[in-house]
Amino acid sequence: MIAVTGASGFVGRNLLRAMVDRGIPVRAVVHSPRGEAWVRSLEVEGVQADVRDEASLEKAFQGCSAVVHLVAIIRERGPATFEAINHLGTSAVVSAARRCGVRKLVHLSALGASPGTPSRYLASKWRGEEAVRRGEVPYTIFRPSFIFGPRGGALAQLVMLARYGPFYPFVARVGESPLLERLADAFPLLPVLGDGTYRSMPIDLRDVVACVIQALEREDVLGREYDLGGPEAVTYNSLIDRLLQVLGKHRYKVHIPLSLSWSLVRAGERILSHPPITSAEFEALLLDNVCDPLPAYQTFGLVPRPLEETLRWALGFHG
């Protein structure tokens with residue numbers, strides 16, 4: 001039996017389906033009754049637990065030989081802070097796994113996690129990694145760049161920006177609207193925070209899932225850490241252009257100076273309950289999110305999917 005934390009999240013849902021398809025016994029660890037109901041629709045055992053409650057994690061991990069830890073936040077809300085979830089929550093998962101006799105832990109971190117990063121989010125992910133390394137449970141750590149797939153992750157925000165342009169902030173208040181999209185088509189401007197030259201290596205969700213499943217099945221990757229990135233490093237400007245092409249949208253990019261961008265981001269946080277981007281997200285976005293992916297490709301026999309293929313699949317254009 002393999003426990004998956006964050007099983008009803010963006011990566012978790014897809015990992016769960018892949019494990020079920022392969023006949024891998026899985027226990028889906030979720031935070032809410034809604035998540036538990038969803039995983040049971042896959043005829044998978046679901047159990048509620050909170051990474052801030054070690055006792056609930058111990059109950060969830062009983063009888064499991066391995067744990068895949070996916071829980072993390074990119075937005076803080078009340079007591080759910082980066083420190084509480086990404087660091088201390090991971091530490092609690094490791095402690096509970098050790099006490100339950102778990103023999104393997106696969107941990108999903110984030111590309112750019114390091115002790116010296118200026119990003120509070122990435123610093124918390126690094127501290128979570130440190131808890132895994134010190135935890136006395138054999139582990140494999142993956143650090144993916146932006147993971148692209150259907151209905152979630154960083155791509156969902158980019159799609160909303162591409163569709164609604166300068167009207168995107170209003171979506172947070174009124175929801176998705178054909179009227180707002182028509183307005184964006186009539187005034188085809190797309191704001192870009194800063195110069196848009198910051199880079200990333202978006203990776204296909206299916207490729208990440210394949211690596212995680214292999215890590216569960218192999219012993220030779222224990223005690224190892226792998227950066228995961230797609231086959232090319234793209235600037236934000238280029239990524240937006242390619243996304244617009246797939247969506248069939250025409251937009252003129254308007255670059256907003258960095259100082260003004262920061263002011264707009266902070267104002268959005270004060271005014272909107274669900275701002276288009278938070279300070280922590282912008283902080284991480286401005287850092288080059290790139291790596292040398294070849295060690296992971298070679299170790300896992302991965303032939304990464306091209307970005308255009310990933311975009312078309314994630315957006316539902318399969319032709």
Side-chain angles (χ1 to χ4, degrees), residues 4 6-7 9-22 24 26 42 68 70 72 74 106-113 140-163 196 198-218 221 224-249 284-285 287-319:
V4 177
F10 169 55
V11 176
R13 294 193 304 268
N14 291 273
L15 175 61
L16 225 61
R17 291 191 184 100
M19 293 174 74
V20 169
D21 288 345
R22 293 174 70 94
I24 299 173
V26 59
L42 292 181
V68 180
L70 303 177
I74 183 63
V106 179
H107 174 57
L108 204 67
S109 184
L111 189 61
T140 304
I141 293 174
F142 290 111
R143 298 189 195 96
S145 183
F146 297 136
I147 302 173
F148 281 4
R151 297 177 297 281
L155 183 60
Q157 285 182 286
L158 292 176
V159 169
M160 296 287 278
L161 176 63
R163 287 176 57 195
Y198 32 90
R199 300 177 299 160
S200 63
M201 299 178 73
I203 184 166
D204 194 294
L205 173 59
R206 295 167 292 184
D207 293 337
V208 175
V209 166
C211 289
V212 169
I213 289 178
Q214 275 202 53
L216 289 169
E217 297 171 339
R218 294 170 55 172
V221 295
R224 302 286 299 277
E225 303 165 18
Y226 298 95
D227 291 342
L228 291 177
E232 57 181 309
V234 292
T235 65
Y236 184 85
N237 290 327
S238 175
L239 180 56
I240 287 293
D241 288 341
R242 289 154 89 163
L243 176 58
L244 289 169
Q245 185 176 18
V246 173
L247 290 171
K249 294 287 186 181
L285 182 66
L287 302 173
D288 270 357
N289 197 246
V290 297
C291 65
D292 176 8
L294 286 179
Y297 294 171
Q298 293 167 351
T299 299
F300 296 97
L302 183 64
V303 180
R305 292 170 171 87
L307 178 57
E308 273 74 17
E309 179 186 329
T310 297
L311 288 174
R312 295 187 67 83
W313 166 70
L315 298 174
F317 296 100
H318 302 298

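Quick note: residue numbers are just sequence positions, from 1.
In this structure Pro293 satisfies the side-chain contact (heavy atoms from CB on, under 4.5 Å) test together with Met201, Cys291, Tyr297, sequence neighbours excluded. Evaluation of the salt bridge (Lys or Arg N to Asp or Glu O under 4.0 Å) rule for Arg151 yields no partner, not counting sequence neighbours.
Atom-to-atom distance recorded for Leu111:CG and Asn289:CG is 4.5 Å, nearest 0.5 angstrom. To the nearest 0.5 Å, atoms CD (Glu232) and CG (Leu307) are separated by 5.5 Å. A distance of 5.0 Å separates CG in Leu158 from CD1 in Ile240, rounded to the nearest 0.5 Å. In this structure, Leu161 CG and Leu243 CG are separated by 8.5 Å, a value rounded to the nearest 0.5 Å. The structure places CG of Leu70 at 9.5 Å from NE2 of His107, a figure rounded to the nearest 0.5 Å. One distance of note links NZ of Lys249 with CZ of Arg163; it measures 7.0 Å at 0.5 Å rounding.
Shown here for Tyr198 and Leu285, the closest heavy-atom pair between the two residues is CD1-O, 3.5 Å. Closest heavy-atom contact between Ile213 and Arg22: CG2-NE, 3.5 Å. Annotation for Pro306 and Pro231: closest pair CA-CG, 4.1 Å, computed over non-hydrogen atoms. The two residues Arg312 and Val246 make their nearest non-hydrogen contact at CG-CG1, 4.2 Å. The shortest heavy-atom contact between Cys211 and Phe300 is O-CE2, 3.9 Å. Nearest heavy atoms, Ile203 versus Ser145: CG2-O, 4.3 Å.
Residue pairs meeting the salt bridge (charged side-chain N to carboxylate O under 4.0 Å, His left out) criterion with at least one partner in residues 291-302, sequence neighbours excluded, are absent.
Contact check for Leu239 versus Phe148: side-chain heavy atoms found under the 4.5 Å cut-off. Counting heavy atoms from C-beta outward, Gln245 and Leu311 have side chains that stay 4.5 Å or more apart.
Looking at Asp207, its side chain does come within 3.5 Å of a backbone N or O of Arg305 through a donor-acceptor pair. A donor-acceptor contact shorter than 3.5 Å is absent between the side chain of Asp227 and the backbone of Ala296. Panel note: side chain Asn14, backbone Phe10; a donor-acceptor pair is recorded below 3.5 Å. Although no hydrogens or angles enter the test, the distance criterion places a donor-acceptor pair under 3.5 Å between the side chain of Asn237 and the main chain of Gly196. Panel note: side chain Thr140, backbone Ala215; no donor-acceptor pair is recorded below 3.5 Å.
No more than 12 heavy atoms of other residues, nucleotides or ligands sit less than 6.0 Å from atom CZ of Arg199.
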| message | With side chain to side chain contact (heavy atoms under 4.5 Å, CB included) as the criterion, how do Thr299 and Gln214 come out once you've worked through the C-alpha distance, each side chain's angles and the decisive distance to 0.1 Å? | response | CA-CA 10 Å; Thr299 299; Gln214 275 202 53; over 6 Å; no
